[in-house]
Structures are given as C-alpha cells and as structure tokens.
Amino acid sequence: MLTPHRTAQRSDGGRGQHEAWLTFSAQAGNDPTLEGFGGLAVLDEFRLPPGGTISGHSLREAELITYVFEGTLAYQDSLGRAGAMQAGEFRRISVGRGVRSSETNSSRTDWTRLFRVGLGSSAGLQCDPEQKRFSVAQRRDGLCLIASATARAGSLRIRDDALLYSALLGQGQHLVHQLSPGRHAWLHVVSGEVALRDLVLTSGDAVGISAEHAVSFTARTEAEVLLADVT
C-alpha cells in the first residue's frame, strides 16, 4: 500500500529567523500520518538565513539525525557540546529528557538548508553524538546506508530498529529496496522527481509504503531521496 504525502500537506513551522516544513505535525489537521509513520517520528526541512537560528528544541528520549544539504551549521546544547557541520554531513544525537539544543547558520552571506529525521526510542540512556560525512560518490547511483542499529557499512549507530538511507540519482535510474516482513518504508524526495508505479513525487513530496515486499522507484530527473526503513 502506498500512502502519498504531498509537500502542500506539510505544516509551515517557520518562526521569524527560519523557514520550516514539518512532515508530521498536529497542525496537519486530519492527515493520518500526523503522529509519525511507524518508528519515524520527525522529518522536517529547514532553511536558515545568514545568522538564523533554530533554538529551544527539547529532545525527549528520541534519536535525531541532522543532515546539512547545503551551507554550514553551528550547533550547541545544554550539556556543553558544540561544533560545526558542512554540506554532506550527518549528525546523530541520542539523549534522554530535558536536553535542549540550538543550531545556527554560521555563514554571513549564504542560506543553509538542512533536514531533521527523528526516530522514537524507548531507551532512556544518553549516548555521545556522532557525526560523519557521506560523500557524493558514496551516495551516487545507489542507496547509501546513513544510520543503523549495528553501524554496518560505516553508518551512524542508532538504538532504534531502523535503517536510514540517502541516494543521489541520475535521470532514469531505477532502485529497488527489499522490505522484510512487518517492516515499512518512508521515501522523501529532497530534490528532483521520482516515480513509484503511477505515482509521481516531486521535491518535498513523500510516500509511506506498507504491506509491500519492496520499494521500487525511478528517477524522472536528477534527484535526491531519503529512505527510512522502520518497524
């Protein structure tokens, strides 16, 4: 079963210093996916102007993966951890209750575009953040594993039973991702245009896949996607 989620269904979460589009949000009204999709609780997109900040995010027993699509990002949290990210880098933070964080576009001239992927977790232990760069070459022409519970293939280690992939595709390229019984997938189009059967998705669109043996899609243009394989 395919459940499309169009970019127009995302909630506008912008607050002065940034632009934001929230895939799962109580503001989404009657959208059945507003509470998340399986183990996927957050998939947000942000655009920060020079010096713009996302602040005050409270992480409550969740794992959050930040992906910098373009630009630069400085971050800090209430535990005193601070650092910087560049385009193509992914950072996983896994914490318990009450830790607050902020992220700032450190450029004086250019906008920053980033994505947050949140995985709900029942574990209450705090883990040190982990940050890695996944190059264009690694993500070109196939699904590159970004995060997994076993940290296989050099991916970020997460506690949740989930797999997060990134792919950069050329026009006409076809990919298939097999799904084990009882698992679901969420495919989000970061840029470009892809097709699943007769469903065409453009930048900002997504689709939830359930009760299927595989996710099979084709890039109609050059495209970038994020794919979450969850329970």
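With rounding to the nearest 0.5 Å, the separation of CG in Leu163 from CD1 in Ile158 is 7.0 Å. A distance of 4.5 Å separates CD in Glu224 from CG in Leu168, rounded to the nearest 0.5 Å. Atom CG of Asp12 is separated from atom CH2 of Trp21 by 7.5 Å, given to the nearest 0.5 angstrom. In this structure, CZ on Phe217 lies 12.5 Å from CG on Leu199, to the nearest 0.5 angstrom. Annotation: the span from Gln86 atom CD to Ser106 atom OG amounts to 6.5 Å, rounded to 0.5 Å. To the nearest 0.5 Å, atoms CZ (Arg113) and CG (Leu48) are separated by 12.0 Å.
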task: Would you check, one step at a time, whether the test side-chain hydrogen bond (donor to acceptor under 3.5 Å, both in side chains) holds for Asp229 with His177?
output: CA-CA 9 Å; Asp229 179 327; His177 173 71; 2.8 Å; yes
- prompt: What's the verdict on side chain to side chain contact (heavy atoms under 4.5 Å, CB included) for Glu222 and Leu169, showing C-alpha distance, side-chain angles and the deciding distance?
  reply: CA-CA 6 Å; Glu222 288 194 357; Leu169 308 176; over 6 Å; no
Salt bridge (charged side-chain N to carboxylate O under 4.0 Å, His left out) evaluation trace for Glu103 with Arg116: CA-CA 11 Å; Glu103 295 157 322; Arg116 278 181 177 167; 2.5 Å; yes
query: Can you check ring-ring contact (aromatic ring centres under 6.0 Å, His included) on Phe37 and Phe24, steps first, answer last?
result: CA-CA 8 Å; Phe37 184 81; Phe24 309 117; 7.6 Å; no
query: Ser216 and His174: side-chain hydrogen bond (donor to acceptor under 3.5 Å, both in side chains), yes or no, with the steps?
result: CA-CA 7 Å; Ser216 178; His174 182 73; 2.9 Å; yes
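Remark: Thr231 pairs with Asp161, Arg183 by the side chain to side chain contact (heavy atoms under 4.5 Å, CB included) rule, at least two apart or across chains. Glu193 pairs by the side chain to side chain donor-acceptor pair (under 3.5 Å) definition with Arg220, not counting sequence neighbours.
Judged by distance alone, the side chain of Gln138 and the main-chain N or O of Ser135 form a donor-acceptor pair under 3.5 Å. A donor-acceptor pair is defined here as one N or O able to donate and one able to accept, closer than 3.5 Å; such a pair exists between the side chain of Ser203 and the backbone of Val190. Between the side chain of Asp110 and the backbone N or O of Ser107, no donor-acceptor pair lies under 3.5 Å. Under the 3.5 Å distance criterion, the side-chain polar atoms of Glu212 are matched with a main-chain donor or acceptor of Met1. A donor-acceptor pair under 3.5 Å links the side-chain atoms of Glu63 to the main chain of Asp160, judged by distance alone. In terms of modelled atom types and a separation under 3.5 Å, the side chain of Arg92 and the main chain of Asp128 share a donor-acceptor contact. Although no hydrogens or angles enter the test, the distance criterion places no donor-acceptor pair under 3.5 Å between the side chain of Gln173 and the main chain of Thr218. When atom types are taken as modelled, the side chain of Thr104 and the backbone of Thr53 share no donor-acceptor pair closer than 3.5 angstrom.
Closest heavy-atom contact between Gln178 and Ala214: OE1-CB, 3.8 Å. The minimum heavy-atom distance between His184 and Ser210, with the atom names listed, is ND1-OG, 3.1 Å. Looking at every heavy atom in both residues, Val230 comes nearest to Gly38 through CG2-CA, 4.4 Å. Closest approach of Leu226 to Ser166, counting heavy atoms only: CD2-CB, 4.0 Å. For the residue pair Val200 and Asp205, the shortest heavy atom distance occurs at O-OD2, 4.3 Å. Scanning all heavy atoms of the two residues, the minimum distance from Arg139 to Gly88 falls at NH2-CA, 4.0 Å.
When side chains are defined from C-beta on, Arg10 does not count as touching Leu22, because their heavy atoms never get closer than 4.5 Å. When side chains are defined from C-beta on, Gln131 counts as touching Tyr75, because their heavy atoms get closer than 4.5 Å. At least one side-chain heavy atom of Leu143 sits under 4.5 Å from a side-chain heavy atom of Leu227. Residues Phe46 and Ile54 are in side-chain contact: their nearest non-hydrogen atoms beyond the backbone lie under 4.5 Å apart. In this structure the side chain of Thr23 reaches within 4.5 angstrom of the side chain of His5, judged on heavy atoms. Residues Leu196 and Leu201 have side chains in contact (heavy-atom distance under 4.5 Å, counting atoms from C-beta outward). The side-chain heavy atoms of Glu19 and Trp111, taken from C-beta on, include a pair separated by under 4.5 Å. Proximity of Val117 to Leu64: side-chain heavy atoms (C-beta onward) are nowhere separated by under 4.5 Å.
The environment of CD in Glu70 is crowded: more than 12 heavy-atom neighbours from other residues, nucleotides or ligands sit within 6.0 Å.
Under the 4.5 Å side-chain contact rule for hydrophobic residues, Leu175 and Phe134 do not share a cluster. No continuous path of ILVMFWY side-chain contacts below 4.5 Å connects Leu164 to Ile209, so the two sit in separate hydrophobic clusters. Hydrophobic clustering (ILVMFWY, side-chain heavy atoms < 4.5 Å, transitive): Leu187 and Ile146 are in distinct clusters. The hydrophobic cluster containing Leu40 does not contain Leu145, counting ILVMFWY residues as joined when their side-chain heavy atoms lie under 4.5 angstrom apart, directly or transitively.
A salt bridge links Lys132 with Glu130: the closest approach of a Lys/Arg side-chain nitrogen to an acidic carboxylate oxygen falls below 4.0 angstrom.
Within the structure, the side chain to side chain donor-acceptor pair (under 3.5 Å) test picks out the following pairs touching residues 143-154 (sequence neighbours left out): Ser148-Ser155.
Using bins of under 30°, 30° to 60° and over 60° for the plane-to-plane angle, the ring pair Phe69/Phe115 lands in the perpendicular bin.
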